[in-house]
Amino acid sequence: MAATSVVVLDRGNNTTCTINLHGATVVSWRVNNQEQLFVSKQAVFDGKKPIRGGIPFVFPQFGPWTFGPQHGFARIVRWSLEKAPERLASGDVEAIFSIMDNDFTRSMWNYPFRLTYRLILREKELHFNIAVYNPSKDLTFSFNMLLHTYFKVPDVRRCQITGLHGCTFIDKTRENTVYQEGRDVVTIGEWTDRIYQNTPQEHIITNVVSGRKMRIQKYNFPDTVIWNPWIDHAKDMGDFGDDEYPNMVCVEAGHVSSPVILLPGTAFEASQILQVM
Ligand code: TA6
């Protein structure tokens, strides 16, 4: 494992955000010393495998991929620290991470690209600003992107997720059959793996850490993936404890049910704000 692999944004008051350069995976977000993200006790930090928890960055493919690993290469490559943590006039702390095409990425996805990931740590918020640039003169490329956020929760059975009522979803636990969500709030009491399409910009998860609410605001991320492996699939994953599934819920902002098409010389931007309420 190369020298310094983690970058810490420290805002004071025990409010910090820790990023592992392996995948630019946010592996910790503490607000007044309360950890908001779930990372498996069995997570592997070998600089090769995706980190099981935190916020893995899914790009340029969501799900199984013919040309490369599930969920793409961004979560398994080493990112550069474009701009070291800096305290802004507002008291917030900002850092910027980036990757661009190289022999490894071109071996799976033969396109030039530049991806920047700006994180801003605020008092009770974490902001994510993402840009993908296509520097090519003549090549158009398409991709999926998603922030695979693992929220830490005392008991997932007590969580409710708003903002999905009436949305269609692909249910990966039922042969990818498409349904429409009839519930006002979504609860989880079994293996859940759903791609909700064209969802509103805001979701609230109740009963996260210390009974608080987590607000998710997303821009240019039209989809929301909800996942909990439950006991069924907890056992399938070597880097996830069999008894850990009650303590996490993935609510993932993404652009996955249709690809982003990026013309030569143009950029795509998306963002997310997580807020402890
Ligand atoms: O985002 C949900 C999902 O696509 C599930 O299907 C499940 O596979 C999960 O991601 C974890 O994927 P991983 O490749 O990290 O094991």
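All ligand and atom numbering here is 1-based and tracks the order in the structure. Basis for what follows: all heavy atoms, side chains included, without hydrogens, waters or symmetry-related copies.
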> Taking only residues two or more places apart in sequence or in another chain, which ones pass side chain to side chain donor-acceptor pair (under 3.5 Å) with Arg212?
Replying inline: none
Got a list of side-chain donor-acceptor pairs under 3.5 Å for residues 204-211, not counting sequence neighbours?
{"residue": "Thr206", "atom": "OG1", "partner": "Gln160", "partner atom": "N", "Å": "2.9"}
{"residue": "Asn207", "atom": "OD1", "partner": "Arg158", "partner atom": "NH2", "Å": "3.4"}
{"residue": "Asn207", "atom": "ND2", "partner": "Arg158", "partner atom": "O", "Å": "2.9"}

>> Which protein residues come within less than 4.0 angstrom of ligand 1, counting heavy atoms only?
In response: Arg52, Phe62, Gln70, His71, Arg75, His148, Lys172, Asp193, Val225, Trp227, Glu252
>> If you take the centroid of each ring, where Trp contributes its six-membered ring, are Phe57 and Tyr117 closer together than 6.0 Å?
In response: yes
> In chain order, what residues pass the side-chain contact (heavy atoms from CB on, under 4.5 Å) check against Ser80, with sequence neighbours excluded?
Replying inline: Ser98
>> Heavy-atom count check: over 12 atoms from other residues, nucleotides or ligands less than 6.0 Å from Tyr179 OH?
In response: yes
> Atom CG of Leu263 and atom OG1 of Thr140: how far apart are they, to the nearest 0.5 Å?
Replying inline: 4.5 Å
